[in-house]
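Heads up, the thing below is written out as structure tokens.
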Amino acid sequence: MRFKTILLFGIPGSGKGTQGRILGSIPGFRHCACGDVFRSINANSELGKVFTAYSARGELVPDEFVIELWEKRILSLEASGDFQPQRDMLVLDGIPRNVAQARLLGRVLDVQAVVHLSCSDPEAIIDRLRRRAVKENRLDDARDDVIQRRLAVYDEQTRPILRYYPDHLILKVDATASQMRVAAAILNCLAGTMEQSMTPRHMQEFVPQYISMPS
């Protein structure tokens with residue numbers, strides 16, 4: 001079975017995790033953040049040591065490692081009943097991180113949309129990463145050299161994903177607006193997909209509160 005999926009896509013600090021959590025709070029959506037899966041790993045385990053070494057350098061973790069972790073997490077959620085593929089739309093952020101991962105995931109993901117959280121002001125994103133590092137004790141985001149490396153890796157390896165998926169799946173949203181306005185814009189863009197994947201009751205009760213914000 002291929003899971004119906006929405007991908008949240010954007011440079012580090014663009015708000016993928018925040019918007020994923022907002023979508024995940026709506027019945028019919030199940031958010032899974034690859035970063036949260038990584039951070040839950042025991043740092044003293046063999047897998048934890050691999051992740052820590054790559055993260056400390058601002059580099060991407062090897063594809064096979066990422067896919068293995070992700071698949072274990074999704075299967076665990078399905079086994080526990082926390083994710084029901086027949087009912088829920090999967091919302092992913094932080095994966096895939098390159099075209100090779102996108103190809104590997106094609107056998108299990110039925111991608112319905114790729115929400116591109118775009119930003120025309122990189123300095124604003126860098127400042128957001130610094131503040132997040134302090135607030136959430138994410139030391140990998142605190143150093144400017146690591147931040148610059150992460151942005152470079154994004155440009156080199158992750159941005160090409162936008163050319164991998166068909167143009168009609170790409171939904172561009174301005175990530176520099178407030179969190180609620182970004183959320184409203186995403187749900188407006190996803191309205192067609194949501195209507196096909198959610199029950200009428202869910203659409204009636206939950207969608208208007210997110211998409212009726214005045215401009």
Side-chain angles (χ1 to χ4, degrees), residues 1-24 29-41 47 50-51 53-55 57-78 83 85 88-119 122 125 129 140 149-175 182 185-186 189-190 192-194 196-197:
M1 178 180 182
R2 295 171 72 218
F3 305 132
K4 287 188 176 181
T5 306
I6 293 169
L7 301 179
L8 295 177
F9 184 87
I11 67 174
S14 59
K16 299 183 294 295
T18 297
Q19 296 306 321
R21 287 188 290 273
I22 292 174
L23 279 177
F29 290 93
R30 183 55 171 91
H31 175 229
C32 182
C34 195
D36 290 342
V37 175
F38 283 156
R39 283 186 285 274
S40 69
I41 302 173
L47 292 180
V50 171
F51 170 72
Y54 279 88
S55 178
R57 297 193 298 267
E59 298 176 359
L60 295 180
V61 179
D63 297 336
E64 294 79 7
F65 174 74
V66 172
I67 301 304
E68 178 185 355
L69 276 180
W70 180 84
E71 288 186 342
K72 286 181 178 179
R73 174 62 170 166
I74 296 302
L75 292 175
S76 170
L77 292 174
E78 185 179 6
F83 168 55
D88 298 333
M89 176 83 72
L90 192 60
V91 179
L92 299 183
D93 78 75
I95 190 171
R97 294 195 178 190
N98 57 45
V99 173
Q101 290 183 11
R103 291 194 181 105
L104 287 171
L105 289 169
R107 60 187 172 83
V108 292
L109 298 185
D110 179 9
V111 176
Q112 305 290 298
V114 180
V115 177
H116 178 202
L117 297 172
S118 64
C119 178
I125 295 298
L129 284 171
D140 56 324
R149 177 58 182 160
R150 291 184 67 195
L151 294 177
V153 168
Y154 172 85
D155 282 334
E156 295 166 7
Q157 300 188 38
T158 307
R159 190 182 295 276
I161 291 174
L162 289 173
R163 298 192 298 271
Y164 174 78
Y165 290 106
D167 289 344
H168 72 273
L169 293 183
I170 309 297
L171 306 175
K172 188 174 181 179
V173 175
D174 180 10
V182 172
I186 289 173
C189 289
L190 290 176
T193 299
M194 293 168 65
Q196 296 173 16
S197 305

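Computation of the quantities below employed the complete heavy-atom set of this structure, encompassing side-chain atoms and omitting hydrogens, waters and symmetry-equivalent molecules.
Of the inter-residue distances, the one linking Ile67 atom CD1 with Ile95 atom CD1 reads 4.0 Å to the nearest 0.5 angstrom. Taking CD from Glu78 and CZ from Arg73, the interatomic distance works out to 13.0 Å, rounded to the nearest 0.5 Å. A distance of 10.5 Å separates CG of Leu171 from CG of Leu8, quoted to the nearest 0.5 Å. Between Ile22 atom CD1 and Ile186 atom CD1 the span is 7.5 Å, to the nearest 0.5 Å. Here the CG-CH2 distance, from Leu104 to Trp70, works out to 11.5 Å after rounding to the nearest 0.5 Å. Atom NZ of Lys4 sits about 7.0 Å away from atom CG of Asp110, to the nearest 0.5 Å.
A side-chain contact (heavy atoms from CB on, under 4.5 Å) with Leu7 holds for exactly one of Val115, Ile170, Val111; it is Val111.
For the residue pair Ile74 and Cys32, the shortest heavy atom distance occurs at CD1-SG, 3.9 Å. Contact detail for Ser14 and Ala175: the closest heavy-atom pair is O-CB, 3.5 Å. Nearest heavy atom pair, residue Val91 against residue Gly20, reads CG1-CA, 4.3 Å. Nearest heavy atoms, Leu190 versus Ala113: CD2-CB, 3.8 Å. Counting all heavy atoms, side chain and backbone alike, Leu169 lies closest to Gln112 at CD2-O, 3.2 Å. Heavy atoms only, all atoms of each residue included: Ile161 and Pro96 are closest at CD1-O, 3.3 Å.
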Practice task
May I have the step-by-step check of side chain to side chain contact (heavy atoms under 4.5 Å, CB included) for Ile11 and Arg150, ending in yes or no?
Solution key: CA-CA 9 Å; Ile11 67 174; Arg150 291 184 67 195; over 6 Å; no
Practice task
Tell me, with the steps shown, if Val182 and Gln19 meet side chain to side chain contact (heavy atoms under 4.5 Å, CB included).
Solution key: CA-CA 8 Å; Val182 172; Gln19 296 306 321; 3.6 Å; yes
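Put simply, the side chain of Leu23 does not reach to within 4.5 Å of the side chain of His31, judged on heavy atoms. With contacts defined as side-chain heavy-atom distances shorter than 4.5 Å, the pair His116/Leu162 qualifies. A heavy-atom distance below 4.5 Å is not found between the side chains of Phe3 and Asp88. Two residues are said to be in side-chain contact when any heavy atoms from C-beta on lie closer than 4.5 Å; Pro160 and Asn98 fail this criterion.
The backbone N or O of Gly10 lies less than 3.5 Å from a partner atom in the side chain of Lys16, making a donor-acceptor pair. Judged by distance alone, with hydrogens and angles left aside, the side-chain atoms of Arg2 form no donor-acceptor pair with the main-chain N or O of Val108 at under 3.5 Å.
Contact check on Glu71 versus Arg107 returns a salt bridge, with a Lys/Arg side-chain nitrogen under 4.0 Å from an Asp/Glu carboxylate oxygen.
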